[in-house]
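Predicted model only: the values in this text are computed from it and were never measured.
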Amino acid sequence: MDFWRYIDIYRIIPNPIIDLGLLGYAKKPVKKATSIQNDMKIETCPLSVQDLKNLRPLSDENVLQCLKARYEAGEVYSKAGITLIVVNPFRSVPELYNSRQVMRYHTGNSEELPPHIFAISDKAYSTMMLGLSVTNQSIIVSGESGAGKTWTTRCLMKYLTSLAEYNPSGFSPSPVHCIEKRILDSNPILEAFGNATTQRNNNSSRFGKYIKLQFDRSGFIIGASIQTYLLEKTRVVHQGQKERNFHIFYQMMESATLEERATWGLPPQGKGETSFAFLPNTGSMGEESSFISTREAMKSVGISEKQQEKIFKILSGILYLGNISFLEDDDTESCDIDESTHVQEALQMCCSLLGLKTEAFSNYMLTRRISASHGRRKSVFMKPCLGPEASSRRDCVAKLLYSRLFNWLVAFLNKHTSTNHSNAFIGLLDIYGFESFFSNSLEQLCINYANEKLQQHFVSHFLKAEQDEYKQEGLAWEFCNFTDNQPCLDVIEGRISIFSLLNEECKLNRPSDPKALQEKILSNVSRQCMSAKVKTSPQRAGFIVKHYAGDVEYGTVGLSEKNKDYIPPELTELLAASKNLFVRTLLRGDSLTQKKQTSDAGSTNTKVTVKTVISKFKNSLDDLMKTLRNTTPHYIRCIKPNYQCALDVFDSEFVANQLRACGVMETIAISRAGYPHKISFREFLGLYQVLLPNLQLPATEYCERIMENLFGLDDKENQLPGEKSQFKIGRTKMFLQETQLEQLHRKRNHLLNASATSIQRCWRKYRHEQYKKRRQWAAVVIQSVFRGWRCRLEIQKQNEAARVIQHAMLMYCIRKEQERLEADLETELMELEESAQSELDSSTEVACADLQMMTNINLTSLSQTGARLCLYAPVFTSVCVRNSSVESTSPKQTNLEDEIDGDEENEASDEKAENQRLLLEEDEEEDEGLEINSNSDSDESINESDIAINVTQEEQKAGAYVTSSSANLNFIKNRTTELALGAVVVGLLLKGPIKF
């Protein structure tokens, strides 16, 4: 069993009370009163009887007396078994439908509360939430025109939308409230465009609607869809005596502002009411003031101001259509549009509002297109129309535009309120009531046929199927007779019936003859529920159908034409070419249908069959009946207390006819003896086994034991005559009284509530323990993370300090090493400079002395001196070698150890060069004498200027050597600085502790 599925039932019946002794804990079963009926004696005051099945004795007089007494006391609601009877008070009773009453019936006990439509709504909602064999529900509101069906449906919608409001996120306004407002705002729109004043009702619905309120699994409303049936579009162009057009036209004329009138092309206020032929009986009847409500509702559902302007322009164009009249020409058998100013202005305004060309629209009304086929050839020609035919084509435009506009509104409402993901729905059926006027035509025939179908559904579902089920389940049952309206339905929709003959008449390509049609119907259809026309003058053709609610006379004049509902192809083409985009949008479906029919006819060379009004209506009504059969129905019968709709007048005979027609007396009799709730053993145990668990018994005995423990055994000795048992056990089902199922629900909910409380207590304890464990674990995690963070922070500080110390120590070492290297280099350079300077000075002194001596000697001595100077060349060469060795020690060394090794090598090379120089000087001195003597003759040519040049060159070389030595010293200093900075950078890039 899905336990959580039924938790939402707590919202339906809160605070249930249960006696633990009734749950099997008592040793012996306790006898309890089962219902009001068991303790009911013969009633002395009919006012106190809220359910008519409790009347004793049960008779028509007692039922009427009870209803009248309750009506006069202001109690308009009474129960008649499974049916709720509503007597229209014809006055406003706001205290019956306020929010206090909504909460009262939502949270209260239906046994103790008086009958109300809210109780029916709550029962449907509870049954849907319980989720038995049939989840979807339907509330069928029926009755005569003017009985209050529309108001009842409106109140049902208000209750259900208020009951299922849900706002878990705290939005303002809540999403459900927005959906509720849109659903409720669809009512004034549909009533303005679909209701009108008739002879019997000032707010009569001229269409049927089935509203599906869609709910999710939790029982909250999530959307709504609307299905409409047979709009009486003929009312746009024709209204009977003391009848009016649809409300929206009068609302426009009464409440539109001057600016809106100018935009919509309407005349000033006070003059327009008498200037439109489609608006008769323009006296105020209370509906014109609702124009503001209609506009606000249109805005609420999402119809923008521009769309509203387009809608009202089309309505204005329809009104101007009615002012176009025609003048016949007897000589040419044709007609023409009246040339009067009033008619021409109406034509121009109509074409302007609808976006049509005046000439094309005039040609459409004055001529009709005729197609003739001759084998494969097809001829098309135009034939002038007479006055009645031209008026009919004009009216066809008005009816087509208004019906398509109404369909567009319904589609727009469904688009903005419906959903495709609902779990269940509650349907509200508000269909036109039974009608019988002085002149009845196809509209009344379809309306009364729909009421016959609904009555047949009630008969087959309750009066007949209920008793058949008792027989099949083996219950002792005395069959109750009732009136079956199936013969009447056979007359209307059977194999040879009124509908079949009308559809056959439409297939004939000829004008319909009312007299011939009358004879055809009377001669072919069974006369069991039909008779010849006797009420009105014999000159008018017609027939009488004996409906369940009374005899109705239908005229055959225009019956076939209305059924055919022919739309000329040229009309569709004309409107499809309109400059008004909204008009083209409304006629888009017709244009596509016409193109498809044309293509099909061209491909098959056969005439395409067009569906008649009766065929379309019958198909849609069959779909509705299929939907109703697949739902659990709840019936509300609206009763009209008097024919004149007068206040505080109760016509007993008029009311008795309505009760008799809808089978209220049979319903009361079957409800008194029957059992309204039937549940299979499997469903019963699935729901109520928790009340007495752990019994190893067969299903039949198990169900019986549960009922005996809850309600006790029947007291056969004190049982009243005719009193039925508390419950019955059939072959496959349990049969319960109406109050017993609700008691079972309350007791089961009480037990489930206690179980849910225990589960919640254990769950909360578990949650609390888990919460404490999570807190402890979280505290440990936080502490460990904090301690780790502190440790990492301390280690980070230590590493940072170590890096600072390492950096300082490294910088100190680098500075010391740099100072040592600089000192060594400076010492070496000074020694080199001193040695070079001394050598240069000695060389210079020797050269000067020799130069002085040479000036005083002869050419021979001069040559000898030049030879000696030439011997000094190796000395200068060794100096240059020493200079190059100094330059090679600095630029290309990269570390301190390489520099030290280079210095040692340079010192060794200097010592070696010095030794070589000394050896060369000794050799030169030994050979000096020989060379001078041998070359004395050849060096005589050396002059004094050559010796001066050589001396100058020697001085330049010595200066260059000194400059180069200084540059080398500067380079060494710069290189040392760079090495120190590099060491600092390396120290800063160190990460992690440094090992010493």
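- Rounding to the nearest 0.5 angstrom, the gap separating the CD1 atom in I120 from the CG atom in L156 is 9.0 Å.
- T83 contributes no side-chain N or O that, together with a main-chain N or O of K79, makes up a donor-acceptor pair within less than 3.5 Å.
- One distance of note links CG of L428 with CD1 of I140; it measures 11.0 Å at 0.5 Å rounding.
- Every ring-ring contact (aromatic ring centres under 6.0 Å, His included) that W763 has, sequence neighbours left out, goes to Y766.
- Taking K212 as the reference, nothing meets the salt bridge (charged side-chain N to carboxylate O under 4.0 Å, His left out) condition, with sequence neighbours excluded.
- Stacking of R637 on the aromatic ring of F458 is recorded, both the 6.0 Å distance cut-off and the 45° axial limit being met.
- The list of salt bridge (Lys or Arg N to Asp or Glu O under 4.0 Å) pairs with a residue in residues 147-158, not counting sequence neighbours, reads R154-E191, K158-E180.
- Once rounded to the nearest 0.5 Å, the distance linking CD1 of I139 with OH of Y635 reads 12.5 Å.
- Counted by atom type alone, T631 and S138 present one or more donor-acceptor pairs between their side chains at under 3.5 Å.
- By the salt bridge (charged side-chain N to carboxylate O under 4.0 Å, His left out) test, K68 is found to be paired with no residue, residues two or more places apart in sequence or in another chain being considered.
- For the side-chain contact (heavy atoms from CB on, under 4.5 Å) with V63, the lone residue among V655, L55, I85 that qualifies is L55.
- Nearest heavy atoms, L84 versus S78: CD1-O, 3.4 Å.
- Residues satisfying the ring-ring contact (aromatic ring centres under 6.0 Å, His included) test with F118, not counting sequence neighbours, are H116, Y159.
- Partners of Y210 according to the ring-ring contact (aromatic ring centres under 6.0 Å, His included) rule, which considers only residues two or more places apart in sequence or in another chain, do not exist here.
- When only modelled atom types and interatomic distance are considered, E473 and T732 share a side-chain donor-acceptor pair under 3.5 Å.
- A distance of 6.0 Å separates CD in Q65 from CG in N62, rounded to the nearest 0.5 Å.
- Between I221 and the choices L160, D216, I183, I426, the side-chain contact (heavy atoms from CB on, under 4.5 Å) rule is met once, by I183.
- In this structure, R767 places its CZ atom where only 12 or fewer heavy-atom neighbours from other residues, nucleotides or ligands lie under 6.0 Å away.
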